[in-house]
Student: 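Sharing a structure with you now.
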Amino acid sequence: MSDVRNTIIIGSGPAGLTAAIYTARASLAPLVIEGEPSSTSDQPGGQLMLTTEVENFPGWPEGIQGPELMMRFKEQAGRFGAEFLTEKVTKVDFSQRPFTVWVRDQQFKANSVIVASGAQSLMLDLPRETDLIGHGVSTCATCDGVFFRGQEIAVVGGGDSAIEEATFLTKFASKVHLVVRRDTLRASRIMQQRAFDNEKIEIVWNSQVTTLHGESSLSGVTLTSTDGSTRELPVTGLFIAIGHKPNTAIFSGVLNMEDSGYLMTRAGSTFTDVAGVFACGDVQDHTYRQAITAAGSGCMAAIDCERWLESQH
Ligand code: NDP
């Protein structure tokens, strides 16, 4: 059937676009369904579209803006014949081959699918929060910590991520306020102790960030405590570490996933539990969550997919 494609790639962050580069170069003519521009969770280009300077992607010694990096990934995939559709996948049927992928009522069929739909950081849902991402508000200490050398900053959250981020950030910041909404931490004991022992971390208990201040960049936040009192914190950085959510709603009941929603892949590979469907990037990785690791697993998915397709012929 001529309308059946070799492969469809769902998602266009570093994982999806690397899979596109590799499958396109392998003459598989992939269709990349890249996401919806109006969304902050499924946007084409993925989470890097919400960052500014990327200084840790190898090959860019002077750093590069997140959106420009993704534009270059896309250009490279396009050069080898990847096709792009700027829409969001609304439904999939992986119960029989060829697989079917829907964008509203439009159907696409393919012999293989690479899922690279990514994850999103949970946010506080405060006014101007999205505008200030990359301008003081961040969801990634590894990526942005270095920009806050000698500055006073805050981290929101009381889980392992928040403490890991806060601890990492003390390498750069003069002081880290850890804003915790309850009177106890959710984090493991060993991580809690790490926070208590670090002189640069001050825990602000029973408090929530309720207002973000600053025009072009963050200049402070208002904290509201459970007793209703408020106070200002003059921080230039706010790291939100209240958890992540993989973009897997459409795969519920279709692909094996952990309770947390992350797709499960066979160890050391990108194979899901459905033969011919592969998963790469943050949708199946809650540990590393870096552009470079996502790109690496996108490459793995493309190679797994190409070899699997060959084995079917
Ligand atoms: P968690 O769900 O464990 O913790 C989320 C934290 O954010 C909780 O303290 C929660 O508060 C708080 N929170 C949630 N929503 C809000 C909100 N709207 N405003 C303020 N605070 C909020 O997520 P993590 O990302 O920390 O961890 C995810 C998983 O990854 C865990 O299993 C963790 O153990 C693991 N992990 C392990 C690490 C390690 O071992 N080194 C490092 C990082 C993660 P509350 O407690 O009140 O619900």
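Owing to the predicted nature of the structure, the values given are computational and were not obtained by experimental measurement. Whatever order the structure lists ligands and atoms in, that order sets their numbers, starting from 1.
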Student: May I ask whether atom 28 (C) of ligand 1 is less than 4.0 Å from at least one protein heavy atom?
Tutor: no
Student: Can you name the residues that form a salt bridge (Lys or Arg N to Asp or Glu O under 4.0 Å) with Glu232, not counting sequence neighbours?
Tutor: none
Student: As a test of the contact definition, would atom 38 (C) of ligand 1 count as having a protein heavy-atom neighbour under 4.0 Å?
Tutor: yes
Student: Verify the neighbour count for atom CG of Asp105: are there more than 12 heavy atoms of other residues, nucleotides or ligands below 6.0 Å?
Tutor: no
Student: Short list, please: which atoms of ligand 1 are under 4.0 Å from a heavy atom of Leu124?
Tutor: 19 (N)
Student: What do you think, any protein heavy atom under 4.0 angstrom from atom 4 (O) of ligand 1?
Tutor: yes
Student: Residue-level breakdown please: for Leu122 versus ligand 1, do any non-hydrogen atoms fall below 4.0 Å on the side chain, on the backbone, on both, or on neither?
Tutor: neither
Student: State whether Phe271 and Arg266 meet the cation-pi test: NZ (Lys) or CZ (Arg) under 6.0 Å from the six-membered ring centroid, and within 45° of the perpendicular axis.
Tutor: yes
Student: Looking at Phe99, I'd like to know if the NZ or CZ of Lys109 sits under 6.0 Å from its six-membered ring centre while staying within 45 degrees of the ring's axis.
Tutor: no
Student: Just which atoms of ligand 1 are under 4.0 Å from any heavy atom in Gly158?
Tutor: 6 (C), 7 (O), 8 (C), 9 (O)
Student: What protein heavy atom lies closest to atom 47 (O) of ligand 1? Include the residue and the distance to one decimal.
Tutor: Arg182 NE, 2.7 Å
Student: Please check whether Gly157 reaches ligand 1 - meaning an N/O of the residue sits under 3.5 Å from an N/O of the ligand, judged on distance alone.
Tutor: no
Student: Under the criterion ring-ring contact (aromatic ring centres under 6.0 Å, His included), which of Phe147, Phe172, Phe148, Phe168 is the partner of Phe239?
Tutor: Phe148
Student: Are there more than 12 heavy atoms of other residues, nucleotides or ligands under 6.0 Å from atom CZ of Arg307?
Tutor: no
Student: Salt bridge between Glu164 and Arg194, side-chain N to carboxylate O under 4.0 Å?
Tutor: no
Student: So between Thr167, Thr287, Ile242, whose heavy atom ends up nearest atom 22 (C) of ligand 1?
Tutor: Ile242
Student: State whether the number of non-hydrogen atoms from other residues, nucleotides or ligands found under 6.0 Å of Phe196 atom CZ is greater than 12.
Tutor: yes
Student: From atom 17 (C) of ligand 1, work out which of Arg181, Glu165, His286, Arg194 has a heavy atom at the shortest distance.
Tutor: Arg181
Student: Verify the neighbour count for atom CZ of Arg25: are there more than 12 heavy atoms of other residues, nucleotides or ligands below 6.0 Å?
Tutor: no
Student: So Phe94 and Phe251, would you call those rings parallel, tilted or perpendicular, with 30° and 60° as cut-offs?
Tutor: parallel
Student: Looking only at distance, does Asp160 have an N or O less than 3.5 Å from an N or O of ligand 1?
Tutor: yes
Student: Return the option from Met123, Gln208, Glu164 holding the heavy atom at the smallest distance from atom 20 (C) of ligand 1.
Tutor: Gln208
Student: Which protein heavy atom lies closest to atom 23 (O) of ligand 1, and at what distance to 0.1 Å?
Tutor: Gly243 CA, 4.0 Å
Student: Just to confirm my output: which protein heavy-atom neighbour is closest to atom 2 (O) of ligand 1, and how far is it?
Tutor: Arg186 CD, 4.1 Å
Student: Students should be able to answer this: which protein heavy-atom is nearest to atom 26 (O) of ligand 1, and at what distance?
Tutor: Ser161 N, 2.9 Å
